[in-house]
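What follows is a short report on a single structure.
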Amino acid sequence: MPELPEVETTRRGLRAYCEGVAIADVLVRDHRLRWPVRADLPAILRGQPVRRLERRAKYLLFCLDHGTLLVHLGMSGSLRVLLEPQPAARHDHIDIALANGAVLRYNDPRRFGSFQWFASGESCPALSRLGPEPLSDAFDGARLHRLSRKRRVAVKPFIMDGATVVGVGNIYASEALYLAGIRPDRAAGRVSLARYGQLAEHIKQVLTSAIEQGGTTLRDFVGGDGKPGYFAQQLFVYGRGGEPCKRCGTPLRDKVIGQRASVYCIACQR
DNA sequence: CGCTGACCCTGACGGC
DNA sequence: TGCCGTCAGGGTCAGC
């Protein structure tokens, strides 16, 4: 489910309800996430106003006065706002009840997500190793080219590595490589500066466009407002293995690269 | 250091 | 209908 556009969509949907509003209470029904949710999390958060809801890579950051709640949606997580009380459904693991009556409800069937607390001044290893945001000026083709010299790893896992650039998951990596005409299994060190320039631009473009459309709903993604995203309709390659390339008609090839399913056109991508 | 593979977990889907 | 194998949008870690 969530890649960067989906996380950003969630942030935009939720921020109006929680920024400047105190956390009234936190209910943890199941603490068994990617890392166990600490037992004292409700006590830490209770009564504290949420100053800002930010995003870094695929993490949501609830910024409080005395620290930050770091939320990751994993593969199957979603965080949505409830304005009316609703009985908890299967996999509704955590509720954050706000002082204005709204409830942020976290659902995550696979429990690959995480809720972590970092007090002010405490270092946060998950964020410290991350590369630049893809939509920032710090990310461009020159960076891709510089970091990839002598690297034999395939270009697709290279751009999905958070140390290279954050927030590029399997869907958007596949799409951007198609748009840039680069084979996903080409060695990262064997892509020219000019082509990396194009790749960086396509990554920015595809992410921007997906954010504008509320993310990509593949199975059950819903944003903070509970609505699905609409980007799925314009995917060129992701999930289309064996179907004809939308540009040249050649059947799209399916191949596992870096342990992830990858789809590309052998005619349009070199 | 760079890279590969295993792993965390549940659910959906296709084949039989 | 039901059982079984396969796969899934992410990230960390051990080991070579």
Side-chain angles (χ1 to χ4, degrees), chain A residues 1-10 29-37 55-60 70-79 89-93 106-116 124-131 134 146-177 184-190 203 206-207 210-211 213-223 228-242 254-263:
Chain A
M1 180 217 32
E3 292 199 27
L4 185 144
E6 291 71 36
V7 179
E8 179 62 20
T9 297
T10 298
R29 298 187 189 81
D30 194 336
H31 70 281
R32 299 170 302 164
L33 301 189
R34 180 71 170 82
W35 293 281
V37 179
R55 179 190 59 74
R56 173 77 174 104
K58 295 170 190 166
Y59 292 92
L60 287 168
L70 200 63
V71 174
H72 199 291
L73 303 178
M75 291 276 262
S76 58
S78 66
L79 195 57
R90 191 161 161 74
H91 306 306
D92 282 343
H93 303 313
Y106 180 72
N107 182 284
D108 187 1
R110 291 175 73 179
R111 289 188 277 116
F112 281 12
S114 61
F115 273 58
Q116 294 173 281
C124 182
L127 298 185
S128 62
R129 283 175 291 208
L130 294 179
R146 176 163 39 83
L147 291 182
S148 63
R149 291 311 86 187
K150 298 188 179 172
R151 296 285 303 275
R152 287 184 304 176
V153 69
V155 63
K156 181 160 171 274
F158 171 69
I159 60 172
M160 291 175 67
D161 181 347
T164 306
V165 58
V166 302
V168 182
N170 204 19
I171 300 175
Y172 302 109
S174 304
E175 294 301 306
L177 286 164
D185 57 353
R186 173 175 283 272
R190 300 201 52 210
I203 287 173
V206 76
L207 290 175
I211 290 169
Q213 291 166 75
T216 304
T217 292
L218 290 182
R219 290 181 181 79
D220 51 3
F221 172 75
V222 289
Y230 292 95
F231 193 72
Q233 323 174 21
Q234 32 183 306
L235 295 175
F236 281 95
V237 288
Y238 182 84
R240 296 192 63 241
D254 240 322
K255 182 180 176 185
V256 175
I257 302 169
Q259 286 105 253
R260 310 300 294 271
S262 305
V263 183

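Chain naming here is simple, since letters A, B, ... match the order of the sequence lines and numbering starts at 1 in each. Computation of the quantities below employed the complete heavy-atom set of this structure, encompassing side-chain atoms and omitting hydrogens, waters and symmetry-equivalent molecules.
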Let me know the distance between CG of A:D254 and P of C:dT6, rounded to the nearest Å. 16 Å
Whether the side chain of A:R260 and the base of C:dA8 hold a donor-acceptor pair under 3.5 Å is what I'd like checked. no
Nearest whole angstrom, please: distance from the C1' of C:dC7 to the CD of A:Q259. 14 Å
Find the distance A:H72:NE2 to C:dT12:P and express it as a whole number of Å. 8 Å
Side-chain touch A:R260/A:K156, heavy atoms, less than 4.5 angstrom: yes
Cationic tip of A:R110 above A:F112 ring, under 6.0 Å, 45° of axis: yes
Salt-bridge contact A:K255-A:D185 (side-chain N to carboxylate O under 4.0 Å): yes
Options C:dG10, B:dT10, C:dT12, nucleotide nearest the side-chain atoms of A:H91: B:dT10
Starting at CG of A:L33 and ending at P of C:dG10, how long is that distance when rounded to a whole Å? 18 Å
Rounding to an integer number of Å, can you tell me how far A:M160 CE sits from B:dG2 P? 19 Å
Classify the side chain of A:R111 and the base of B:dC9 as holding, or not holding, a donor-acceptor pair under 3.5 Å. no
In whole Å, what is the span from the CG atom of A:L130 to the P atom of C:dT12? 8 Å
Considering every strand and a 4.0 Å limit on heavy-atom distances, what is the contact class for A:R32: base, sugar-phosphate, or nothing? nothing
Provide the distance between the two P atoms, one in C:dC3 and one in B:dC9, to the nearest whole Å. 24 Å
How far, in whole Å, is C:dC7 from B:dG5 if one measures between their P atoms? 15 Å
Are A:Y59 and A:V71 close enough that some pair of their side-chain heavy atoms sits under 4.5 Å apart? no
Closest to side chain of A:M75, choosing from B:dC3, B:dC9, C:dG10: C:dG10
Between C:dG10, C:dT12, B:dT10, spot the one nearest the side chain of A:W35, thanks. C:dT12
Tell me which of A:R34 and A:R90 sits closer to the 5' end of DNA chain B, going by the nucleotide each one is nearest to. A:R34
Taking C:dT12, C:dG10, C:dA8 as options, the one with an atom nearest any side-chain atom of A:F112 is C:dG10
Among B:dG11, B:dC3, C:dA8, which nucleotide has an atom closest to any side-chain atom of A:V153? B:dC3
What integer distance in Å separates A:L70:CG from C:dG11:C1'? 13 Å
Using whole Å, what does the distance between atom P of nucleotide B:dC8 and atom CG of A:D108 come to? 16 Å
Respond yes when some side-chain nitrogen or oxygen of A:R151 is under 4.0 Å from OP1 or OP2 of B:dG2, and no when none is. no
Paired nucleotide for B:dG5 [Watson-Crick or G-U wobble; both distances under 3.5 Å]: C:dC13
Do A:V263 and A:S174 have side-chain heavy atoms sitting under 4.5 Å apart? no
Should A:Y238 and A:N170 count as side-chain neighbours, where that means a heavy-atom distance under 4.5 Å? yes
